K.L.:
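Please find one structure pasted underneath; my questions will follow.
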Protein chains: 2
Amino acid sequence: MFLGSYEHAIDEKGRLAIPARFRADLAGGMVLTRGFDRCLLIFPLPYWSDLTRRVSALSLVDEDARMLRRLLFASASEQEMDRQGRILLPQNLREAGGLTDQALLVGLDAFIEVWAPDRWREVQQRLETQGPHFDEQMRKLGI
Amino acid sequence: MFLGSYEHAIDEKGRLAIPARFRADLAGGMVLTRGFDRCLLIFPLPYWSDLTRRVSALSLVDEDARMLRRLLFASASEQEMDRQGRILLPQNLREAGGLTDQALLVGLDAFIEVWAPDRWREVQQRLETQGPHFDEQMRKLGI
DNA sequence: GGTAAAGTGGGGAAAAGTGGAGAATACTCC
DNA sequence: GGAGTATTCTCCACTTTTCCCCACTTTACC
């Protein structure tokens, strides 16, 4: 269960420390990949496997299936923590997420989002200004 | 589990290094063949066996099945890595994939695609512009 | 305020990627 | 059929990059 936001430095080698609170749940391995709205996603391995099982089972021949496979897997990266609890952010993913020297790790219960800090602040502002708008959305979701 | 993209050189002898992360899963042997969209495919032997069983079970009469058979089997080549972790790309396959001096190996979970780098970049651009199309796909799959 | 844990930076060792040389095989031409 | 030539394959060695560990600094918690 990942909760809360943590801002950590990305060092010159592209390493990022996982918040101590998150480490136990990622000890079994994790997959790092591109998310929506230019953020990155970190999935614990069991969650990832469950997510991708259906995609891998799709036809080799079907064009949509081929493209979907490429979208999901081509920029993903399996990572393990070093003894200091850090992972390596591959350069292509750092670029995809617009990350330079700082990263914001946001726990979203089952997985983690990684944001460039200023980009995250924009999202938060949107949350505040559009707050009322979400009432309707959430009702639709049954919450 | 093959994940991520790696660009490697093809040397004058037509040899291509397999990314270190992929080697363990290919140690039991692999089959190299033509894929769709002018890329090449590398299958681990167990996956290949399963695939051939399914394709061979298809009707002799069905035209699509005939074409699929020709694509997969006619230019297939069983390969083993040398001690440096490289395989030889036969010339006919290099031509089929439009490969010259660089190759992009893309891990797609159960198998690997091999692309000419500029051709792969086109595919990536298409992926980005067609984003919304895939939202629907993923929703159907429960992702 | 002290202690312990977390976060950060740097250095060294190991492995990955690449080019090339030598040996073995096949091939051709005399 | 044999010798010379070309080609393929395997192994070796160098260079670069990556990974891992150690140590210091900072923060949090008791």
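So you know, we letter chains A, B, ... as the sequences are listed, proteins then strands, and number each from 1. Quick caveat: nothing in here was measured; it's all calculated off a predicted structure.
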K.L.:
Which comes earlier along DNA chain D counting from the 5' end, the contact point of A/Arg86 or that of B/Asp82, where each point is its nearest nucleotide?
P.N.:
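In this pair, the answer is B/Asp82.
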K.L.:
Which protein N or O atoms sit under 3.5 Å from an N or O of nucleotides 15-17 of chain C?
P.N.:
unit_1	atom_1	unit_2	atom_2	d
C/dG17	OP1	B/His8	NE2	3.1
C/dG17	OP2	B/Arg23	NH2	2.5

K.L.:
Are any of the side-chain nitrogens in A/Asp118 or A/Arg121 under 4.0 Å away from the carboxylate oxygens of its partner?
P.N.:
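No salt bridge links A/Asp118 with A/Arg121.
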K.L.:
Rounding to a whole Å, what distance do you find between A/Arg15:CZ and C/dT8:P?
P.N.:
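In whole Å, C/dT8 P and A/Arg15 CZ are 11 Å from each other.
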K.L.:
How long is the line joining CD1 of B/Ile87 and C1' of D/dT10, in whole Å?
P.N.:
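Going from CD1 in B/Ile87 over to C1' in D/dT10 covers 16 Å.
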K.L.:
Picking from D/dC12, D/dC21, C/dG20, which would you name as closest to the side chain of B/Arg83?
P.N.:
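Among D/dC12, D/dC21, C/dG20, the one nearest the side chain of B/Arg83 is D/dC12.
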K.L.:
Return the CD to CG distance between A/Gln79 and A/Asp82, rounded to the nearest 0.5 Å.
P.N.:
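Reported value, rounded in 0.5 Å steps: 10.0 Å.
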K.L.:
Pull out every residue in residues 97-115 of chain B that has a heavy atom closer than 4.0 Å to any atom of DNA chain C, ordered by number, or say none.
P.N.:
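Hits under 4.0 Å, by residue number: none.
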K.L.:
Tell me if a side-chain donor or acceptor on B/Ser5 pairs with a main-chain N or O of A/Ala74 at a distance below 3.5 Å.
P.N.:
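At least one qualifying donor-acceptor pair exists.
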K.L.:
Indicate every side-chain donor-acceptor pair of residues 34-49 of chain A with a distance under 3.5 Å to a residue at least two apart or in another chain.
P.N.:
unit_1	atom_1	unit_2	atom_2	d
A/Arg38	NE	A/Ala96	O	3.3
A/Arg38	NH2	A/Glu95	O	3.2
A/Ser49	OG	A/Leu45	O	2.9

K.L.:
Are there any protein N/O atoms within less than 3.5 Å of an N/O atom in nucleotides 6-9 of chain D, and if so, which ones and at what distance?
P.N.:
unit_1	atom_1	unit_2	atom_2	d
D/dC9	N4	B/Lys13	NZ	3.2

K.L.:
Specify whether A/Phe2 and A/Phe22 have parallel, tilted or perpendicular ring planes, treating 30° as the upper limit for parallel and 60° as the lower limit for perpendicular.
P.N.:
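Rings of A/Phe2 and A/Phe22: perpendicular, as their planes differ by over 60°.
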K.L.:
Can you give the donor-acceptor pairs under 3.5 Å from side chains of residues 130-142 of chain B to other protein atoms, not counting sequence neighbours?
P.N.:
unit_1	atom_1	unit_2	atom_2	d
B/His133	NE2	A/Asp64	OD1	3.2
B/Glu136	OE1	B/Arg139	NH1	3.0
B/Gln137	NE2	A/Asp64	OD2	3.3

K.L.:
Take atom CE of A/Met81 and atom P of C/dA6, then tell me their distance rounded to the nearest Å.
P.N.:
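Between P of C/dA6 and CE of A/Met81: 12 Å.
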K.L.:
Looking at residues at least two apart in the chain, or sitting in another chain, which of them share a side-chain contact (heavy atoms from CB on, under 4.5 Å) with B/Glu80?
P.N.:
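Not a single residue meets the side-chain contact (heavy atoms from CB on, under 4.5 Å) criterion with B/Glu80.
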K.L.:
Side-chain contact test, heavy atoms from C-beta onward, threshold under 4.5 Å: evaluate it for B/Met67 versus B/Arg70 and give yes or no.
P.N.:
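B/Met67 reaches B/Arg70 side chain to side chain.
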K.L.:
Within the structure provided, determine whether B/Arg119 and B/Leu99 are in side-chain contact (heavy-atom separation under 4.5 Å).
P.N.:
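Side-chain contact under 4.5 Å: no.
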K.L.:
For A/Arg21, I'd like to know if atom CZ has over 12 heavy atoms of other residues, nucleotides or ligands within 6.0 Å.
P.N.:
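It does not: A/Arg21 CZ has 12 such atoms or fewer within range.
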K.L.:
Are any side-chain N or O atoms of B/Arg15 and backbone N or O atoms of B/Ile10, one a donor and one an acceptor, separated by less than 3.5 Å?
P.N.:
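Not confirmed, B/Arg15 side chain does not pair with B/Ile10 backbone.
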